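Reviewing the structure listed below.
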Amino acid sequence: MRHFPRSGLFFKLIAFFTRTYPGGYKVKSSIDMTMESLQKLNPQQYEAVTSDARQLLVLAGPGSGKTRVLTQRIAFLVHEKSVNPRAILAVTFTNKAAREMRARLERMLGGSVDALWLGTFHAICARILRREAAALPFDANFVIMDADDQQSIVKRVLKDLNIDEKLYPPASIHSIISNAKNAMQGPGDLRSRTYREEIAKRVYEQYEKILRASNAVDFDDLLMWSVRLFEENPPIREKYARRFEHVLVDEFQDTNQAQYELLKHLSSQHHCLFAVGDEDQSIYRWRGADYRNVLRFQSDYPQSVKLLLERNYRSTQNVLDAAQAVINQNKARTPKNLYSKRGSGPLITLYDAVDDHAEAAFVVEDILDRISAGEKGGNFAVMYRTNAQSRLLEEAFLRINLPYRLVGAQRFYGRKEVKDIIAFLRLVHNPLDTVSLTRVINVPPRGIGSKTLIDLNIQAQESSLTPSEVLLSLGEQGERSPFWLPFSSRGASVLADFGALLVNWREFSQSQPLPELFDRILKDIGYKEYIDDGSEVGEGRWENVLELRRLAYEYQERGINEFLENIALVSDQDTVPDEMDAPTLLTLHAAKGLEFSHVYIIGLDEGLLPHSRSFEDPEEMAEERRLFYVGITRAKDLLTLVRAGQRSNYGRFEYTMESRFLEDIPENLINRQGMRLGVHRVNPLSQPRWESTAAAAQTNRKNEKPPEARFKAGMRVIHPVWGDGMVVETRILGNDETVTVMFETVGLKRLAASVARLEIMR
DNA sequence: GTGGCCCCTGTTTTT
DNA sequence: CAGGGGCCAC
């Protein structure tokens, strides 16, 4: 290894030079953050960043600065090894991580690093496939089918093949297809020893036909086709492999077979592969991730160097001890000894709530108390196993008027109204997209039911066209279209009407920017009237559409293609509103890679965490444990574990058993609170549930229940979270005062005076 | 042939 | 409690 001077003077000196790299790339270093921060690395990190080993495997415990190492490594390569940024490829787990890393690199290197390839596997693959479309069975503006689309394709195929959905659930058939793709298997590679396998194979074949006919790929295809492209086209592979002198991957433990092979292809010329990961944080087995890639890496690259990062910079020792106690129960792992120099810190709280409502109430009240005491809202996170658990939390947050941020792309993009509009846009962009066509052809209802749809498909098939082409012909030529006669007169005219809309939109989109097209579609189909029935729910739906519209605005310059691609590839973490200083609600999966000062993990009950679906399979149980481990290790200072003695699973109340994982945490690290110690304020069984939680929220706020109006319009007030504001309106509702305040930061809010802790300013 | 209504079922995690 | 599918009435 080349010795590398660590003297501060030297670093400051080189900071004044403008360096020129082979290939003409220039970076002007102003303040040399690269070198300055290099000094702050611990010996292991320093070794990882500066090592000359061609293949490096960094096994990094949680909070050990692995992202930092990755970023520094890139900066080091560019700055010290004179590697041209265009010769570097770095793979991150989320788009957000990629964005942040790019920003950090630009700061460190003092210039743009546009030439560096940095993104998720899926985004990188999409980029490659669009570039190399000429060698592929689809063209460059293919659309990407999401999980929903995939499911509906499978359903359609099952219907076409006359297969009973009850016997062969679409989800399970789809997972067979997905697994096959992750293992680089086509329909022909699938075994067919059982009837079930035979079915899956046949569905797979048809499924592929639909994708190709739609000029579409699914998530798994992005990876599979990229690998296949490289396998079957050595010149193309060499082009990329020659370019990428250095390939770096984050979250390596969560790569699947296709991703691993892709990495090997991409680094097949220079063989410089830098992988960072942690077996203990592998939580995506169910989607094909295989932490044994870590072992494969070592046997594929016998020369590779393995480094361990064990020093934790994030958490207190109590948190780490609990985490270790939990993960140590898993066999077959590289033993690590995490240590922190942050001191033992406070005990871990385990709160035993009577039921799920009390669970949510406890969390929210605890957070409110701490925020009121001056803590920043953004320091808090509440984590759970299943998305459904967020609901009670949200209700509790709303009840006490505390803003929160909910993480989850599905939450937004999975909504019907959002999916509808996206489907319209996709259809305009790519009329071959039959999945989208089927989705929206009768939205809002325009008289195109199943019979007409079947006729349309028959017509299309008989003339070897796609349904959209038939539709467009009807739309353009009306009665003169060759397809007019075969339909019933009613069918022909409703189809022609919709076809005409589509024709217009397509023309319109040639000359007009995306937001204009967006508005035009909404107007033409009367979408607002369709979804907004004036109710609160309806208004919410319309607001979602407007939110999507706002997003479309951001893509005015970049265009519809990028808009659709980014929508298809958003990850949950991409949806964290960074600018907002409020507690974060997220699944344990979405929490990977993040950290918070205060972490609450709720639902520590058997069946939820660990989830009941993992009971039979020890491998899955081990993954549940890792998931819990990931959650625990997100906490910097305070960890609070919460469970509920009973919860309403589907409609009915059920008693729960404490999670087995809790037994593994030594008692001396835990401070037990809740039901068992009689801390509960209200007996939930004596009253209706909603009242008990509302009452709990009230009684908890000790004194301030105003007998009469405390506030007046025009008063200046201050809120612990939203800051300064002015009272707009106030009125007495029941035994409480409702105040409407215009805040400088968040605008208009309506608050209950007894709960909101508004302070009047002079 | 379409659309609305009712019943039934079924709950992990997501690029 | 919600979404989807099947059935029945216009």
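Convention: sequence-line order gives letters A, B, ...; per-chain numbering from 1. What you see is a predicted model; the values in this text were computed from it and never measured.
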Assign the ring pair A/Y284 / A/W286 to parallel, tilted or perpendicular, where the plane angle (0 to 90°) is split at 30° and 60°.
-> tilted

Do A/Q461 and A/Q459 have a side chain donor and acceptor closer than 3.5 Å?
-> no

Write down the distance separating the P atoms in C/dG4 and B/dT13, rounded off to the nearest Å.
-> 15 Å

Look at the rings of A/F252 and A/Y260 and say which category their plane angle falls in: under 30° parallel, 30 to 60° tilted, over 60° perpendicular.
-> tilted

Rounded to whole Å, the OH-C1' distance (A/Y530 to B/dG4) equals 12 Å

Side chains of A/S571 and A/D574: do they bring a donor and an acceptor to under 3.5 Å?
-> yes

Return yes if a side-chain donor-acceptor contact under 3.5 Å exists between A/Q185 and A/Y204, otherwise no.
-> no

So which of A/D433, A/D420, A/T434 actually passes side-chain hydrogen bond (donor to acceptor under 3.5 Å, both in side chains) with A/R439?
-> A/D420

Determine the interplanar angle of the A/Y404 and A/F397 rings, folded into 0 to 90°, and report it as parallel if under 30°, tilted if 30 to 60°, perpendicular if over 60°.
-> tilted

B/dT14 OP1/OP2 closer than 4.0 Å to side-chain N/O of A/N387 = yes

Would you indicate, yes or no, if B/dG3 has its OP1 or OP2 atom less than 4.0 angstrom from a side-chain nitrogen or oxygen of A/N442?
-> yes

Using a distance-only test with no angle check, is there a side-chain donor-acceptor pair under 3.5 angstrom linking A/D218 and A/Y207?
-> yes

Just checking, is any N or O donor in the side chain of A/Y413 or A/D146 under 3.5 Å from an acceptor N or O on the other one?
-> no

Would you call A/W286 stacked on B/dT13, i.e. ring centres under 5.5 Å apart with the planes less than 30° off parallel?
-> yes

Once you round it to whole Å, what is the distance between P of B/dG1 and CD1 of A/I448?
-> 15 Å

Check every atom of C/dG5, B/dT13, B/dG1 against the side chain of A/K451 and return the nucleotide holding the closest atom.
-> B/dG1

State whether A/K416 places a side-chain N or O below 4.0 Å from either non-bridging phosphate oxygen (OP1 or OP2) of C/dG3.
-> no

Of A/T452 and A/A388, whose closest DNA chain B nucleotide lies nearer the 5' terminus?
-> A/T452

Where along residues 599-615 of chain A does a heavy atom fall under 4.0 Å from DNA chain B?
-> A/H611, A/R613

Sticking with atom C1', work out how far C/dG5 lies from B/dT12, rounded to a whole angstrom.
-> 23 Å

Give me the ring orientation class for A/F424 and A/Y527: parallel if the planes are under 30° apart, tilted from 30 to 60°, perpendicular past 60°.
-> perpendicular

note: A/Q253, atom CD; B/dT13, atom P; distance rounded to Å ~ 20 Å

In terms of side-chain heavy atoms of A/F219, which of B/dT15, B/dT14, B/dG3 is nearest?
-> B/dT15

Assign each of A/R490 and A/T94 the nucleotide of DNA chain B bearing its closest heavy atom; nearer the 5' end lies the nucleotide of A/R490

Do side-chain atoms of A/N457 reach the backbone of A/P467 as a donor and acceptor pair under 3.5 angstrom?
-> no

Could you write out DNA chain B as a dot-bracket string, with dots for unpaired bases, | for bases paired across to another strand, and Watson-Crick or G-U pairs counted at under 3.5 Å?
-> |||||||||......

Specify the separation, in whole Å, of atom CD of A/E654 and atom P of B/dG10.
-> 16 Å

For A/L588 and B/dT14, give me the distance from atom CG to atom P, rounded to whole Å.
-> 10 Å

Describe the nucleic acid contact of A/K592 in one word from base, sugar-phosphate, nothing, applying a heavy-atom distance below 4.0 Å.
-> nothing

Which parts of residues 617-633 of chain A get close to DNA chain B, meaning a heavy atom less than 4.0 angstrom away?
-> none

Would you tell me if any nitrogen or oxygen in the side chain of A/R391 comes within less than 4.0 Å of OP1 or OP2 on C/dA2?
-> yes

Side-chain atoms of A/P445 come closest, of B/dT14, B/dG3, B/dG1, to B/dG3

Is A/S450 touching bases, backbone alone, or none of the nucleic acid, heavy atoms closer than 4.0 Å?
-> sugar-phosphate

Test A/K592 against every option in A/T587, A/D254, A/T94 by the side-chain hydrogen bond (donor to acceptor under 3.5 Å, both in side chains) rule and name the one that passes.
-> A/D254

Just how far, in rounded Å, is P of C/dG3 from CZ of A/R415?
-> 10 Å

Donor + acceptor pair across side chains of A/N561, A/N141 (<3.5 Å) | no

Length of the CD1-P vector between A/I283 and B/dT12, whole Å = 17 Å

What integer distance in Å separates A/K419:NZ from C/dG4:P?
-> 10 Å

